[in-house]
Amino acid sequence: ELPESWADMQEPLLEGMCFTLKYLGMTLVEKPKGEDMAAAAIHRIVATARVGARKFQKVILTVSPRGISLQDADTKEMVETVSIYRISYCTTDKLQNKVFAYVAQSQESGALECHAFLSPKKKIAQAVTLTVAQAFQMALDLWEATHAGR
């Protein structure tokens with residue numbers, strides 16, 4: 001469900017909305033989408049993250065109609081850029097409700113990867129998920145607009 005002010009949020013989204021999150025890790029998945037698949041993948045990532053008592057990389061996740069870009073929050077170094085067209089699913093986990101995750105096809109291997117991030121609050125994880133959904137819609141609208149005249 002989108003807020004009534006959703007149309008007003010399109011402007012900043014074109015530039016890219018930024019969220020500061022902690023990168024929990026990645027696991028390979030079999031299917032491009034599905035709640036059960038994502039929940040299982042997130043569970044694996046969180047379990048692995050808890051075992052390795054390392055400090056999580058703090059990243060700035062930027063969402064735009066072009067896709068998702070990840071930047072190291074400390075060094076400002078670009079970690080990864082994922083095209084919106086390679087992202088097949090995004091979710092906020094039901095049990096770990098501070099965890100945002102997305103599934104994307106790897107540019108190198110073509111494998112489906114689920115990447116999970118920890119947000120400081122449940123509301124932020126939900127906001128990232130909604131923002132990615134809005135970016136999808138905008139990318140689709142932009143794509144349709146450019147192909148309408150053909």
Side-chain angles (χ1 to χ4, degrees), residues 2 9-10 12-147 150:
L2 296 169
M9 293 169 65
Q10 288 193 333
L13 185 56
L14 279 169
E15 301 302 307
M17 300 274 287
C18 298
F19 301 91
T20 304
L21 307 168
K22 288 181 179 161
Y23 183 61
L24 294 176
M26 181 276 289
T27 189
L28 296 176
V29 291
E30 300 284 312
K31 293 186 286 203
K33 49 176 150 298
E35 211 172 297
D36 295 345
M37 169 281 301
I42 291 166
H43 182 78
R44 283 198 307 273
I45 293 168
V46 170
T48 307
R50 281 202 177 118
V51 172
R54 60 181 172 73
K55 210 169 156 263
F56 299 116
Q57 182 181 17
K58 204 173 184 187
V59 294
I60 298 165
L61 185 139
T62 306
V63 180
S64 78
R66 288 179 301 286
I68 291 176
S69 67
L70 298 174
Q71 191 182 26
D72 187 294
D74 301 325
T75 66
K76 302 293 178 229
E77 198 178 313
M78 197 49 82
V79 180
E80 190 178 18
T81 309
V82 185
S83 163
I84 194 98
Y85 300 108
R86 292 199 354 253
I87 300 167
S88 58
Y89 191 74
C90 73
T91 186
T92 305
D93 193 58
K94 277 199 174 87
L95 298 170
Q96 317 272 344
N97 59 19
K98 289 183 186 174
V99 175
F100 159 77
Y102 69 84
V103 175
Q105 190 174 24
S106 163
Q107 212 166 1
E108 292 80 46
S109 67
L112 291 170
E113 302 173 343
C114 178
H115 295 265
F117 301 84
L118 182 65
S119 66
K121 293 191 178 91
K122 176 173 110 179
K123 283 236 183 293
I124 293 171
Q126 290 169 339
V128 180
T129 306
L130 258 179
T131 306
V132 174
Q134 290 167 346
F136 269 127
Q137 191 56 55
M138 281 182 76
L140 179 66
D141 293 349
L142 293 166
W143 185 86
E144 285 175 345
T146 56
H147 291 76
R150 293 196 179 157

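FYI, the numbering just counts along the sequence from 1.
- Annotation for Ala111 and Leu28: closest pair CB-CD2, 3.9 Å, computed over non-hydrogen atoms.
- Applying the side-chain hydrogen bond (donor to acceptor under 3.5 Å, both in side chains) test to residues at least two apart or on different chains, the pairs with a partner in residues 93-102 are Glu35-Lys94.
- Note: Ser64 OG to Met17 CE = 11.5 Å, rounded to the nearest 0.5 Å.
- Annotation: the span from Lys22 atom NZ to Gln57 atom CD amounts to 12.0 Å, rounded to 0.5 Å.
- Judged purely by atom type and a 3.5 angstrom limit, Thr92 uses its side chain to pair as donor or acceptor with the backbone of Ala125.
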Begin with the C-alpha distance, continue with both residues' side-chain angles, and end with the deciding distance and a verdict on side-chain contact (heavy atoms from CB on, under 4.5 Å) for Glu113 and Val103.
CA-CA 5 Å; Glu113 302 173 343; Val103 175; over 6 Å; no
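- Looking at Arg86, its side chain does come within 3.5 Å of a backbone N or O of Gln105 through a donor-acceptor pair.
- Gln71 contributes atom CD, which lies 9.5 Å from atom OG1 of Thr81 (distance to the nearest 0.5 angstrom).
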Applying side-chain contact (heavy atoms from CB on, under 4.5 Å), run through Val29 and Tyr89 and close with a yes or a no.
CA-CA 12 Å; Val29 291; Tyr89 191 74; over 6 Å; no
Please test His115 against Leu70 for side-chain contact (heavy atoms from CB on, under 4.5 Å), starting from the C-alpha separation and ending with a verdict.
CA-CA 11 Å; His115 295 265; Leu70 298 174; 5.7 Å; no
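- Taking both residues in full, the closest heavy atoms of Val79 and Asp72 are given as CG2-N, 3.6 Å, listed atom of the first, atom of the second, then distance.
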Take Leu112 and Lys31 through the test side-chain contact (heavy atoms from CB on, under 4.5 Å) and record every step on the way to the result.
CA-CA 7 Å; Leu112 291 170; Lys31 293 186 286 203; 5.6 Å; no
